[in-house]
2 protein chains.
Amino acid sequence: MAGETGAQDDAAARPVLSRAQVIRTAIWLVDAEGAGALSMRRLGAEIGVEAMALYRYVDGREDLLDAMVDLVSAPVEDAAGKDVGESGGWRAYLWRLGQQIRWMATDHPHIFPLVATRHPAAPWLRPPLRNLDMVEEFLRTLLQCGFSAGQAALVYRTFTSFLLGHLMLTAAELTKATGPAGELPGASSRTLSEFPTIVQMSDLLSEPGRDAEEFDDDLEALLDRIGALVGEPTD
Amino acid sequence: MAGETGAQDDAAARPVLSRAQVIRTAIWLVDAEGAGALSMRRLGAEIGVEAMALYRYVDGREDLLDAMVDLVSAPVEDAAGKDVGESGGWRAYLWRLGQQIRWMATDHPHIFPLVATRHPAAPWLRPPLRNLDMVEEFLRTLLQCGFSAGQAALVYRTFTSFLLGHLMLTAAELTKATGPAGELPGASSRTLSEFPTIVQMSDLLSEPGRDAEEFDDDLEALLDRIGALVGEPTD
DNA sequence: ACCTGAACACCGTTCAAGT
DNA sequence: ACCTGAACACCGTTCAAGT
């Protein structure tokens with residue numbers, strides 16, 4: 001029993017906290033109550049500890065936010081780069097990567113704006129691709145599949161821009177207060193009858209739950225355009 | 001002299017502030033020092049007044065942020081809807097609108113994330129189109145130009161998603177700390193030689209100042225795709 | 001009518017002190 | 001080694017009080 005990785009009744013206090021627990025709790029808190037609910041003091045209280053104890057595991061608030069983004073992005077890194085060669089080449093790779101990042105956005109709609117807006121550490125990192133490993137793999141995969149360097153860079157920019165545009169709107173949709181649907185902005189002087197075209201098209205604009213299919217359609221169209229770039233037959 | 005819009009030596013104190021001045025100063029402050037610099041107390045100090053005085057002109061911090069977004073978006077509304085018919089139809093309209101919103105992002109890169117992430121007042125508002133007037137005009141223009149309602153709704157979603165993706169990345173680029181370019185994230189254990197593909201392509205990924213042209217190219221390609229939707233010859 | 005002082009309930013962060 | 005109390009410099013917001 002004695003001589004394990006740590007003696008259990010040592011005079012030194014074993015931590016009641018861990019960095020992983022702090023970060024997981026922060027993510028859970030923001031998922032549940034929104035970004036506004038996250039403060040060091042509130043987070044400490046949630047864990048059952050004073051706020052100052054967190055500073056042993058996290059290098060201040062900014063480091064905490066970065067770590068949350070990293071942890072939320074972790075499944076993307078894990079799942080994206082599996083066996084590119086046999087299972088469909090760049091097309092399957094980009095499809096899977098896109099889906100994975102979409103799941104991140106829908107699983108954590110309150111955190112996705114952080115993924116999009118926090119300053120990336122390196123100059124070539126374009127959100128929502130947040131670290132060098134992901135980008136290295138992304139570019140290497142495209143080069144392997146026969147894209148030129150210039151084409152790969154173009155695909156990188158196009159793909160990130162596509163994901164960001166789609167998923168910011170998806171996340172915003174998911175964090176809307178689920179209040180009564182037919183409300184007006186200021187509830188003030190202006191009335192809906194001033195906007196006849198919007199009223200007339202309101203059913204087309206609300207699109208309940210159509211978001212996932214639209215993402216799939218648009219991603220497929222994007223892959224078609226990329227395929228045309230390298231001279232791949234569309235069908 | 002007497003009997004003007006207001007007596008000049010009245011016992012009632014004339015305001016030293018105005019709502020417009022408060023909002024303009026807030027925008028100026030965020031442009032200059034970033035969103036983190038904006039607080040009611042700091043803003044008051046910048047104007048030369050105690051923070052509490054601001055509450056007479058602004059209904060709290062949230063209202064201030066909304067008003068900043070509105071003011072920054074104002075040039076877009078003014079310039080977008082001019083004489084659609086004679087000057088090129090929907091294509092010229094969407095081109096001008098896209099450019100106008102891009103200027104908003106490049107003029108106020110620290111404020112654009114606010115435009116993108118603040119909860120829109122109405123359910124059909126998709127950032128960066130932030131108010132019902134803009135959307136009403138957008139849809140009416142497309143219908144006038146022969147788009148079906150379904151097509152107009154599709155174009156609305158596609159266009160907003162395109163702008164958001166492009167301009168979030170443009171704004172992020174412009175708010176980067178202009179530090180030394182070849183830096184590593186944590187400056188820690190990992191070295192750039194672990195990312196050979198990125199190193200090899202670094203010149204292609206940095207693209208200095210190419211952003212505007214790429215936006216123009218991509219917007220044009222988007223308009224081509226929209227044109228194909230309504231059966232317009234591409235060239 | 002318009003601004004201010006004082007107050008309340010919060011922040012992030014540091015650091016000496018406790019165990 | 002790990003957590004806490006006290007402290008500092010900030011927040012947003014309210015409200016009675018001054019002019």
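Below, chains carry the letters A, B, ... as their sequence lines are ordered, and counting in each starts from 1. Computed from a predicted structure; not experimentally measured.
A salt bridge between B/Asp218 and A/Arg157 is absent, with no side-chain N of the basic residue lying under 4.0 Å from a carboxylate O of the acidic one. With respect to the salt-bridge test (charged N to carboxylate O, under 4.0 angstrom), the residues A/Glu173 and B/Arg126 do not qualify. Salt bridge annotation for B/Arg19-B/Asp63: present, with a cationic side-chain nitrogen under 4.0 angstrom from a carboxylate oxygen. A salt bridge links A/Arg210 with A/Glu213; the closest basic N to acidic carboxylate O contact falls under 4.0 Å.
For A/Asp216, the CG atom counts as densely surrounded, since its 6.0 Å shell holds more than 12 non-hydrogen atoms of other residues, nucleotides or ligands.
As rounded to whole Å, 11 Å separates atom P of D/dT4 from atom CD1 of A/Ile47. One atom, CD of B/Glu50, and another, C1' of C/dT4, lie 6 Å apart when rounded to the nearest Å. Atom CG of A/Leu54 and atom C1' of D/dC2 are 13 Å apart (whole Å).
A donor-acceptor pair under 3.5 Å is formed between the side chain of A/Arg130 and the backbone N or O of A/Arg118.
Between the side chains of B/Glu137 and B/Tyr93, a donor-acceptor pair is found at a separation under 3.5 Å.
Within the 4.0 Å cut-off from OP1 or OP2 of D/dC3, at least one side-chain nitrogen or oxygen of A/Tyr57 is found.
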Scan nucleotides 11-17 of chain D nucleotide by nucleotide, 5' to 3', and note B when protein non-hydrogen atoms come under 4.0 Å of the base, S if they reach only the sugar-phosphate, - if neither. BBBB---
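Smallest separation of non-hydrogen atoms from A/Ala212 and A/Arg102: CB-NH2, 3.4 Å.
Consecutive Watson-Crick or G-U pairs involving DNA chain D, each under 3.5 Å on both distances, make up stems of three or more pairs at C:4-8 with D:12-16, C:12-16 with D:4-8.
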